[in-house]
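Worksheet: one structure, shown below.
Naming convention: chains lettered A, B, ... in sequence-line order (proteins, then strands); numbering from 1 in each chain.
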Amino acid sequence: MTPALRRALLAWYDAERRALPWRGTRDPYRILLSEVLLQQTRVEQALPYYRRFLERFPTLEALAAADEEAVLAAWQGAGYYARARNLLRLAREVARAGWPRDRAGLLQLPGVGPYTAAAVASIAFGEPVAAVDGNVRRVLARVHAEPEPGAAWLGRAAADWLEPARPGDWNQALMELGARVCTPRNPDCAACPLAGICRGRAAPERYPAPRKRRARTEERWALVLQAPGGVVLEHRSTGQLAGLWGVPMGPGAAPPAVALARYRARAVEPAGTVRHAFSHRRLVVHVFRGRAPEGGVAPGARPLAELDRKLLRAAGLEGAAEGEA
DNA sequence: AAAGCGGGGAA
DNA sequence: TTCCCAGCTTT
């Protein structure tokens, strides 16, 4: 990060912010409101709510004097209503005790976390601290070609870059660069003042690496039915594990009567649970074993997923999956 | 560590 | 239709 590049980025921001009504103020109340109300979602989506709220409560004192019902009415439609309540609590506290002048003090206020505290401290009070939101995270990850920007790495990278003479403008410049140029999809690299040093430019979508889908836990039932010839197996033609064979399985904690009827299952009893993790979901499968008059297949003769091997073992068919049935 | 918040746009 | 967003609080 050369001095010339710093100037280029700040110049880009100075030009951009004329069109950004929520930028360019040093009033901590307005800054806080914009961070709380705009930061969480698309700006164009939230801007009308921001304007309406500011019109109704132009100052922190006006907000502090209001009752909660009026505050929620002004917030109506913006979502995240707990934030409105936190903001009111904050306003009353600040009206009484004054603004904390640094990040540590701001952090104690209700609804203010590390990002918001750093943003207000740097923009309103000029404290040289880096504010890292999702936009800044993306910019840093791309310029450094870092696919996994962890919290510690981000803290170091952001602090290294910070422009101590204009910390508020610097933080806002990076945020807006991420929001307007270095976007998650289809970044406008041709318009980016940092393109010259960006090591991730060739493959911006890799930085940061797409977040792993959070593994969600799903409950399933599975039927392990012994039948002449082996075990009832079905060919999974669609969905998960398509192409492989497996035991009948479905959503829920126990097989519905219609499923039992379909296989003419008899003597069905619980046989424990099996846990199996895919990259994007965690299954908890409740295994039931029983007998059926037909449909038996030798499991060793069909391609089975590891999940189904586990299910067979849970039902007491140790060797079945290895082809010894 | 993970879920919930809540609205809208993308997939 | 479901998924995801982004920071903070709560569990």
Closest nucleotide among C/dC8, B/dG7, C/dG7 to the A/Pro114 side chain
C/dC8
Can you see whether A/Trp170 has A/Arg6 sitting over its ring - NZ or CZ less than 6.0 Å from the centre and within 45° of the normal?
yes
Closest listed nucleotide, where the reference is the side chain of A/Arg83 and the choices are B/dG8, C/dG7, C/dC8
C/dG7
Length of the line joining A/Arg103:CZ and C/dG7:P, which is rounded to integer Å:
15 Å
Length of the line joining A/Leu32:CG and C/dG7:P, which is rounded to integer Å:
15 Å
Name the orientation class of the two ring planes belonging to A/Phe53 and A/Trp75 (parallel below 30°, tilted from 30 to 60°, perpendicular beyond 60°).
perpendicular
With no hydrogens and no angle check, just 3.5 Å: does a side-chain donor-acceptor pair link A/Tyr13 and A/Gln172?
yes
Rounding to an integer number of Å, can you tell me how far A/Tyr115 OH sits from C/dC8 P?
8 Å
Rounded to the nearest angstrom, tell me the gap between atom CZ in A/Arg138 and atom P in C/dC4.
16 Å
Compare the minimum distances between each of B/dG8, B/dA11, B/dG6 and the side chain of A/Arg185, then state the nucleotide with the smallest one.
B/dA11
Picking from C/dG7, B/dG8, C/dT9, the nucleotide nearest the side-chain atoms of A/Asn86 would be C/dT9
Is there a side-chain contact between A/Val94 and A/Tyr29, using heavy atoms and a 4.5 Å cut-off?
no
Nearest whole Å is fine: how far is B/dC5 C1' from A/Leu87 CG?
16 Å
Distance, rounded to the nearest Å, where A/Leu154 contributes CG and C/dA6 contributes P:
13 Å
Can you check the distance between B/dG8 and C/dC8, where both ends of the measurement are the P atom (answer in whole Å)?
23 Å
CD of A/Glu205 versus P of C/dC4: gap in Å, rounded?
18 Å
Atom-pair distance (CD on A/Gln45; P on B/dG8), nearest Å:
6 Å
Give a yes/no verdict on a cation-pi contact between A/Arg83 and A/Tyr80, requiring under 6.0 Å between NZ or CZ and the six-membered ring centre and an angle within 45° of the axis.
yes
Looking at B/dG4, I'd like to know if its phosphate oxygens (OP1 or OP2) sit under 4.0 Å from a side-chain N or O belonging to A/Tyr80.
no
Once you apply a heavy-atom cut-off of 4.0 Å, does A/Asn135 come out as touching a base, just sugar-phosphate, or nothing?
nothing
